[in-house]
Amino acid sequence: MVLLSAPRWLRSRLTDRFWRVQEVLKYARHFRGRKNRCYKLAIRSVRRAFVKSTKARREKKRFLRTLWITRIEAASLEHGLKYPAFISNLLKSQVELNRKMIADLAIYEPKTFKSLAALAQRRRQEGFLAALGDGKEPQGIFSRIVHHY
Amino acid sequence: VARTSLSSPPWPEVKLPEPAEEAKHHAEVVQKVNEMIATGQYGRLFAVVHFASKQWKVTAEDLIMMDNVLEAECGDRIRMEKVLLVGADDFTLIGRPLLGKELVRVEATVIEKTVSWPKINMRFQKRRNYQRTKIITNPQTVLRINTIDIFPALL
């Protein structure tokens with residue numbers, strides 16, 4: 001005869017509860033207080049920790065960019081230039097280093113940073129002269145655009 | 001003209017040096033740098049390379065890890081072509097925006113192609129019974145920069 005439903009003495013029991021709980025607790029072991037031991041408190045803290053780390057991965061890029069800008073500003077002020085003047089003149093001279101690179105150069109290669117600051121200062125002065133002069137193309141040497149074809 | 005607040009520009013008066021003198025000075029500097037490169041008087045060179053949509057400051061015997069796949073086998077030698085800046089102790093060559101391929105040569109070898117540690121992406125909204133967890137492992141490549149060479153072909 002064919003039995004269409006399972007008999008009553010067959011039970012479906014959860015046998016790996018321990019390991020399911022350990023999967024969560026392993027991420028909470030370095031927390032402070034009872035939330036590193038008790039599952040009910042740990043599951044809440046672990047969820048918040050994961051969500052915070054997901055969001056922080058996006059914020060990290062913004063934070064690092066502001067850090068680089070602060071460092072470049074400090075280094076360029078040591079050479080007598082403000083950050084907007086430095087960055088805009090560097091871009092106008094077709095030097096396409098990004099802020100991470102310029103900040104690293106300012107820390108580890110001070111002579112190179114000094115030459116970049118001098119380049120930006122010279123381009124700035126040529127820009128002033130061009131603004132007063134009203135010529136067709138700027139007369140200065142560092143303002144000439146390099147054409148790559 | 002009477003001196004008012006708008007009769008002269010707000011920036012201090014600028015005087016550039018004479019173009020003839022300046023050209024002479026520039027030629028001297030270029031000649032000195034050419035001599036230094038030709039006689040090999042530079043020590044360790046560093047370069048700023050644009051690679052994998054990022055800029056890296058690189059020297060010889062350096063390790064670099066990219067967060068993506070490179071279509072080259074382990075042990076392949078690679079030449080990085082987009083060099084933005086090369087520097088030594090006494091001189092720097094700044095590219096506008098790139099330096100020529102006949103001027104600099106940056107060689108690297110692919111060492112390792114692995115996968116990153118499992119990062120957990122979780123979205124959770126409270127009191128709505130909504131949580132999604134995703135484990136992401138992005139492929140990574142490790143390169144070692146072998147050499148940076150400059151050739152005396154300046155101007």
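Chain naming here is simple, since letters A, B, ... match the order of the sequence lines and numbering starts at 1 in each.
Under the 3.5 Å distance criterion, with hydrogens and angles disregarded, a donor-acceptor pair is assigned to the side chains of A/R47 and B/Q131. Side-chain atoms of A/Y39 and A/R44 form no donor-acceptor pair, as typed in the model, at a separation below 3.5 Å.
Residues of residues 80-89 of chain B lying under 4.5 angstrom from chain A, judged on non-hydrogen atoms, are B/L84, B/L85, B/D89 in numerical order. Taking 4.5 Å as the heavy-atom cut-off, the residues of residues 53-74 of chain B that approach chain A are B/Q55, B/W56, B/K57, ordered by number. Near-neighbour residues of residues 106-114 of chain B relative to chain A, defined by a heavy atom under 4.5 Å from a heavy atom of that chain, are none.
Neither the backbone nor the side chain of A/R48 comes within contact range of chain B; no heavy atoms are under 4.5 Å apart. Neither the backbone nor the side chain of B/F91 comes within less than 4.5 Å of any heavy atom in chain A. Only the side chain of B/H26 has a heavy atom closer than 4.5 Å to any heavy atom of chain A. At a 4.5 Å heavy-atom cutoff, the contact between A/T112 and chain B is made by backbone and side-chain atoms alike. With a 4.5 Å cut-off on non-hydrogen atoms, A/V51 touches chain B through its backbone and its side chain both. Looking at B/P10, there are no atoms closer than 4.5 Å to chain A (heavy atoms on both sides), in backbone or side chain. At a 4.5 Å heavy-atom cutoff, the contact between B/I94 and chain A is made by side-chain atoms alone.
In this structure, A/F113 and A/H79 have tilted ring planes: the angle between them lies in the 30° to 60° band.
Checking side-chain atoms of A/S76 against main-chain N and O of A/L81 turns up a donor-acceptor pair under 3.5 Å. Put simply, the side chain of A/E126 gets close to the backbone of A/I141: a donor and an acceptor are under 3.5 Å apart. With hydrogens and angles disregarded, no donor-acceptor distance shorter than 3.5 Å links the side chain of A/S143 to the backbone of A/R123. A donor-acceptor distance shorter than 3.5 angstrom exists from the side chain of A/R29 to the backbone of A/N36, with no hydrogens or angles considered. A donor-acceptor pair under 3.5 Å is formed between the side chain of A/Q94 and the backbone N or O of A/V146.
Between A/A75 and A/A106, the shortest heavy-atom distance links the atoms CB-CB, 3.7 Å.
A salt bridge links A/D16 with A/R20: the closest approach of a Lys/Arg side-chain nitrogen to an acidic carboxylate oxygen falls below 4.0 angstrom.
For residues 6-29 of chain B, the salt bridge (Lys or Arg N to Asp or Glu O under 4.0 Å) pairs, not counting sequence neighbours, are A/R122-B/E22.
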